[in-house]
Amino acid sequence: MAGYSAPTRTVVAQLQATELAMLSRYGFNSAAFEHLQQALQAGRFSPAHNRLQEPIEAAPAAAIHAWPTSADAELIARGQAAIDRGEVAVAVLNGGMATRFGGRVKGVVEVAGSKSFLALKLGELTRHRRVPIFLLNSFATEADTRAHLEAHRSFDLSPERLHLLTQHISLRLTPEGDLFRNAEGQVSYYAPGHGDLLEAMAESESFAAFRRGGGRLLCISNVDNLGATLDPKVVGSHLHSGKQMTTEVARRLPHDSGGAPVRRHSGRVEILEGFRFPESFVMDQLQAFNTNSFVVDVEAIAQARPLNWYRADKKVGEQPVVQFERLLGELTHFVDSHYLMVPRDGPEGRFLPVKTPDDIERVRADVQARFKL
């Protein structure tokens, strides 16, 4: 695994053989870990460190492009043709820590009838016979996902089309920067964010084969956003833009949190995560927010991008811990992006996120309508 670096003596001295084996299996980045640990211990990585210090403003209206309509028939046809020619692949983000559904892996949870998130996301793609699928798991979701796929072969996806990838692993720290262990003396592993997708794709021989075979685009979405299906309108809009990346944004409502497109002092429009906004920024001025759905040219993915690490304060039981994560939306800092305002609801709604079990009931009717259940 290209992202793996063997733990240094400092880390090795604190870990048992089984722990070292776990880290080796899932691509532990020892160099990054020790750099971040030392910064935390030296007091250089307080929670405020995440916040951007420069002035920013909401992305101007001219930077956000309208959803295609039936009048854009040529654009839509261009997107459909790219899909039909096998130039488009799909990546589904199915990693994380499986903590919000009572320890169950979200992808295998039933959403409507007997259909799970994965059944709906993957089943919808069976009609696109030339579209490869890359499913990004974590050490916490990998086993249950494989078992679910094996038990539901009705997905009708051959091994030549469905490629399972696994994101990296890291270790939680105490707020002081020491290696965290729980009351039983066990270390606490975690998956360090969906920014891992870039390295996982770059390390994938299946993705390399897709590129060699004429693959051009990768459509990316979360497993829990059932609105983000493969759509020729999105693909066509991306191709028409001439940019290397398209970011789907939706109309922001007062309760929405998370990332949003902003204009930096350099004039560049990029996605800024919610925890990075300056404290003085008035969030109500934002008209759009990031849905974490993207289209990216394969050549942009193949290039190494130095995504930043950000501090996340969590709890294991009642104990405070610190973990560091990288986020996929930060790719917009390196790659000029086209921002597409997508419908968040209705027949073409592309934002149906399910973050907690309570959200399932809220979106069930829309999901049933979308997938004709």
Side-chain angles (χ1 to χ4, degrees), residues 58-92 120-121 124-125 127-133 214-222 225-253 256 258-263 269-271 286-301 328-329 331-332 335-353 363 366-367 369-372:
I64 310 296
H65 300 271
W67 180 245
T69 67
S70 57
D72 300 299
E74 184 176 341
L75 177 152
I76 298 169
R78 184 179 180 186
Q80 187 63 59
I83 294 170
D84 293 343
R85 287 194 299 264
E87 296 174 354
V88 181
V90 167
V92 178
L120 294 170
K121 290 287 273 195
E124 187 271 337
L125 292 166
R127 61 191 176 92
H128 300 290
R129 295 292 179 181
R130 301 190 65 186
V131 174
I133 304 159
R216 297 177 59 191
L217 306 176
L218 183 69
C219 296
I220 306 165
S221 65
N222 290 337
N225 181 6
L226 294 172
T229 56
L230 181 60
D231 194 319
K233 286 188 175 182
V234 177
V235 175
S237 180
H238 173 76
L239 293 170
H240 181 73
S241 75
K243 296 188 176 180
Q244 284 193 299
M245 182 173 184
T246 287
T247 300
E248 294 188 35
V249 296
R251 176 175 51 89
R252 185 179 183 275
L253 299 179
D256 289 324
V262 301
R263 183 158 61 186
V269 175
E270 61 186 73
I271 293 297
L286 297 170
Q287 300 300 308
F289 75 100
N290 175 31
T291 69
N292 213 48
S293 298
F294 308 94
V295 183
V296 188
D297 287 10
V298 297
E299 298 309 317
I301 291 174
L328 188 56
L331 185 58
T332 58
V335 177
D336 197 18
S337 182
H338 170 71
Y339 294 90
L340 180 64
M341 180 68 81
V342 303
R344 65 181 295 157
D345 47 31
E348 293 186 289
R350 293 188 60 78
F351 189 60
L352 298 174
V363 305
D366 288 330
V367 170
R370 166 60 66 89
F371 293 93
K372 299 180 174 60

Please find the pair of heavy atoms, one from [X] and one from [Y], that lie closest to each other, and give the distance.
X: G346; Y: R370; answer: O-NH2, 4.5 Å
X: L230; Y: C219; answer: CD1-SG, 3.8 Å
X: A260; Y: A288; answer: CB-O, 3.4 Å
X: M341; Y: A250; answer: SD-C, 3.5 Å
X: N222; Y: K121; answer: O-NZ, 3.2 Å

Donor-acceptor check, side chain of [X] to backbone of [Y], threshold 3.5 angstrom: yes or no?
X: T332; Y: S337; value: no
X: D231; Y: K233; value: yes
X: N290; Y: V249; value: no
X: Y339; Y: V269; value: yes
X: R350; Y: T229; value: yes
X: S241; Y: H238; value: yes

4.5 Å side-chain heavy-atom contact, [X] and [Y]:
X: T247; Y: L340; answer: no
X: V235; Y: L217; answer: yes
X: L120; Y: V367; answer: yes
X: L218; Y: F294; answer: no
X: N225; Y: S293; answer: yes

From [X] atom [atom1] to [Y] atom [atom2], the distance as rounded to the nearest 0.5 Å:
X: D256; Y: R344; atom1: CG; atom2: CZ; result: 4.5 Å
X: I301; Y: M245; atom1: CD1; atom2: CE; result: 8.5 Å
X: I133; Y: L125; atom1: CD1; atom2: CG; result: 4.5 Å
X: R216; Y: R85; atom1: CZ; atom2: CZ; result: 7.0 Å

Just to verify, what does H65 make a ring-ring contact (aromatic ring centres under 6.0 Å, His included) with, not counting sequence neighbours?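 H65: ring-ring contact (aromatic ring centres under 6.0 Å, His included) contacts with H338.
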
According to ring-ring contact (aromatic ring centres under 6.0 Å, His included), who are the partners of F289, at least two apart in sequence or on a separate chain?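 For F289, the residues satisfying ring-ring contact (aromatic ring centres under 6.0 Å, His included) (neighbours in sequence not counted) are F351.
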
Decide if atom NE2 of H240 counts as having more than 12 heavy atoms of other residues, nucleotides or ligands within a radius under 6.0 Å.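 12 or below, so no.
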
Would Q287 and I64 count as a side chain to side chain contact (heavy atoms under 4.5 Å, CB included) if you check the C-alpha gap in whole Å, the side-chain angles of each, and the deciding distance to 0.1 Å? CA-CA 10 Å; Q287 300 300 308; I64 310 296; over 6 Å; no

For residues 66-83, dump all side-chain donor-acceptor pairs below 3.5 Å to protein atoms at least two apart in sequence or in another chain.
{"from": "W67", "atom 1": "NE1", "to": "E348", "atom 2": "OE1", "distance (Å)": "3.3"}
{"from": "T69", "atom 1": "OG1", "to": "A71", "atom 2": "N", "distance (Å)": "3.2"}
{"from": "D72", "atom 1": "OD2", "to": "T69", "atom 2": "N", "distance (Å)": "2.8"}
{"from": "Q80", "atom 1": "NE2", "to": "D84", "atom 2": "OD1", "distance (Å)": "2.9"}

